[in-house]
Amino acid sequence: SVIKQVNPDAKIVVCFDYAFDVVNQYFLPGFEKRIGILMSRADHLFSVNKNQIDWMRLVVKESGIDKPIHYIPHPSDTERIRKFRKPREQRTQGIGVMWHEYDNYQVQPLLILKAVERELKRPLMKSLIGLKTGKMLERGIHTMSASIPIVSTDHPDKSLHGKPIDPDLPKVVNRVPKGVAWDVVIPYMGVEDWYMILSGYEAVLDLYTVNSIGRFGIDAAGVGVPCVASDKQDSAHLLWPFTTVDPFEPTRAVQFLTKLLSDEAFYARVQKTADKNLPYFGLEASKERMMRILK
């Protein structure tokens, strides 16, 4: 519905973005008809997820609509993200593993990292990152860690010194001795803090089992950190073709992480390929795609 048109000469363009995983989680059978009606009212139909386009086509056909489905990847400010990069020697935080709100997949990546430790015959700093503590409390999800980050003594508010950077962390993290589970857990943070932390990992692991664009893989490429990525992510196939894995099968993930941490030439090759293809997900490329549709 049109609420208000400020410029009488402006053309109103309605775009319908679509995520079938969300539909599957929150809607009941029969709701696809309602979605189809909404699609019929839109000027343009597109998906930010390449792997959802065929589902959109099924919904369109089911509703008797004849409209093209466009693919416009979720844009990312890749040029700004690049500014957070660090030299290889400053990536001293070990391995970061992404936690996902829709996929509490914790034990599997931890087993992979412990297998890599055995292959390399040395310990790794293992971090579970991106925790949304509010969602974890809501769903009764916990994790285990030897430590949680605290507010440093250079923070202007002295009353916060030594306290968890997220007050809800102690509610969802069970403290265990070092070597049992994660060495540290990092909550979901603001943009600059997130990229500053992400750029400090030697490599990252993302075994997300849900089909999505793979924003984490894009972020990793932006800060120049190699990623072993799930093949369920659109971005993985373009950015991380040499380290993309089946998230349900551990062997290749162990092999790729071990090779990244022991073979400098392979590390550089993986990083260079991601860097070359990163502009595909940038703002300028997204604008060009949108303008092609609107024309």
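On a predicted model such as this, the values are computed, not experimentally measured, just so you know.
Between Ile112 and Leu207, the shortest heavy-atom contact is CD1-CD1, 3.5 Å. Nearest approach of Leu131 to Trp99, heavy atoms of both residues: CA-CE3, 3.8 Å. In plain terms, the two heavy atoms of Gly214 and Ser235 that are nearest each other are O-OG, 2.8 Å. Between Arg252 and Thr244 the shortest heavy-atom distance is NH2-O, 4.1 Å. Across Lys67 and Ser40, no two heavy atoms sit closer than the pair NZ-O, 3.1 Å. The minimum heavy-atom distance between Asn49 and Tyr71, with the atom names listed, is C-CE1, 3.8 Å.
A donor-acceptor pair under 3.5 Å links the side-chain atoms of Asn277 to the main chain of Leu238, judged by distance alone. Side-chain atoms of Glu249 come within 3.5 Å of backbone atoms of Thr251 as a donor-acceptor pair (strictly under, hydrogens ignored). Tyr267 places no side-chain N or O within 3.5 Å of a backbone atom of Ala203 that could act as its donor or acceptor partner. Counting only distance, with no hydrogens or angles, the side chain of Asp263 and the backbone of Phe266 share a donor-acceptor pair below 3.5 Å.
By the 4.5 Å heavy-atom criterion applied to side chains, Val97 and Val204 are not counted as neighbours. Looking at heavy atoms from C-beta onward, His44 lies in side-chain contact with Leu294 at the 4.5 angstrom threshold. Side chains of Leu198 and Asp219 form a contact here, defined as non-hydrogen atoms less than 4.5 Å apart. In this structure, the side chains of Asp193 and Val191 stay at 4.5 Å or more apart for every pair of heavy atoms. Between Ile129 and Val185, every side-chain heavy-atom pair lies at or beyond the 4.5 Å cut-off. Under the 4.5 Å side-chain criterion, counting only non-hydrogen atoms from C-beta, Trp194 is not in contact with Phe84. Taking 4.5 Å as the limit, every side-chain heavy atom of Ile150 sits out of range of all side-chain heavy atoms of Ile165. In this structure the side chain of Arg80 reaches within 4.5 angstrom of the side chain of Glu192, judged on heavy atoms.
Ion pair Asp275/Arg85 flagged as a salt bridge, since at least one NZ, NE, NH1 or NH2 atom sits closer than 4.0 Å to an Asp/Glu carboxylate oxygen. The pair Lys126-Asp183 meets the salt-bridge criterion, since a charged nitrogen lies less than 4.0 angstrom from a carboxylate oxygen. Using a 4.0 Å cut-off between charged nitrogen and carboxylate oxygen, Glu101 and Arg139 count as a salt-bridge pair. Under a 4.0 Å N-O distance rule, the pair Arg57/Glu62 does not qualify as a salt bridge. A salt bridge does not link Glu117 to Lys114: none of the charged nitrogens lies less than 4.0 Å from a carboxylate oxygen.
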Discussion item. As a quick check of understanding, evaluate salt bridge (charged side-chain N to carboxylate O under 4.0 Å, His left out) for Glu202 and Arg88, giving each step before the final call.
Written reply: CA-CA 7 Å; Glu202 191 171 5; Arg88 173 80 186 271; 3.1 Å; yes
Between Leu45 and His70, is the side chain to side chain contact (heavy atoms under 4.5 Å, CB included) condition met? List the steps.
CA-CA 6 Å; Leu45 303 175; His70 303 282; 5.7 Å; no
Please walk me through it: do Gln255 and Lys259 pass side chain to side chain contact (heavy atoms under 4.5 Å, CB included)?
-> CA-CA 6 Å; Gln255 290 173 346; Lys259 191 170 184 179; over 6 Å; no
For this session: List the steps and the verdict of side chain to side chain contact (heavy atoms under 4.5 Å, CB included) for Met98 and Leu205.
Result: CA-CA 7 Å; Met98 185 63 187; Leu205 173 64; over 6 Å; no
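To the nearest 0.5 angstrom, Leu110 atom CG is 9.5 Å from Met144 atom CE. How far OG of Ser286 is from CG of Asp77: 11.5 Å, rounded to the nearest 0.5 Å. From Ile69, atom CD1 reaches atom CG of Leu58 across 10.5 Å, with rounding to the nearest 0.5 Å. Note that the NZ atom of Lys276 and the CG atom of Leu239 stand 12.5 Å from one another [nearest 0.5 Å]. Taken from OG1 in Thr78 to CD1 in Ile218, the straight-line distance is 9.0 Å, to the nearest 0.5 Å. Considering CD of Gln93 and OG of Ser127, their distance stands at 7.0 Å, rounded to 0.5 Å.
No continuous path of ILVMFWY side-chain contacts below 4.5 Å connects Val107 to Val184, so the two sit in separate hydrophobic clusters. Hydrophobic clustering (ILVMFWY, side-chain heavy atoms < 4.5 Å, transitive): Met196 and Phe216 are in one cluster. Each of Ile95 and Leu111 belongs to its own hydrophobic cluster when Ile, Leu, Val, Met, Phe, Trp and Tyr are linked at side-chain heavy-atom distances under 4.5 angstrom. Residues Leu124 and Val270 are members of one and the same hydrophobic cluster, defined by side-chain heavy-atom contacts under 4.5 angstrom among Ile, Leu, Val, Met, Phe, Trp and Tyr. The cluster map of Ile, Leu, Val, Met, Phe, Trp and Tyr, joined by side-chain heavy atoms under 4.5 Å apart, puts Met125 and Trp182 in different clusters.
Within a 6.0 Å radius of CZ in Arg175, other residues, nucleotides and ligands contribute more than 12 heavy atoms. Within 6.0 Å of atom NZ in Lys50, 12 or fewer heavy atoms from other residues, nucleotides or ligands are found, so the atom counts as exposed in its surroundings. Heavy atoms from other residues, nucleotides or ligands lying under 6.0 Å from OH of Tyr188 number 12 at most.
Looking only at atom types and distance, the side chain of Thr133 has a donor-acceptor partner in the side chain of Asp166 under 3.5 Å away. A donor-acceptor pair shorter than 3.5 Å cannot be found between the side chains of Gln90 and Thr92. Using modelled atom types, one finds no donor on one side chain facing an acceptor on the other under 3.5 Å when comparing Asp231 with Gln233. With no hydrogens or angles considered, a side-chain donor-acceptor pair links Gln106 and Thr143 at under 3.5 Å.
Arg289 forms a cation-pi arrangement with Tyr280, by the criterion of a distance under 6.0 Å to the ring centre and an angle within 45° of the ring axis.
Among Arg215, His100, Lys232, the one residue that satisfies the side-chain hydrogen bond (donor to acceptor under 3.5 Å, both in side chains) test with Asp206 is His100.
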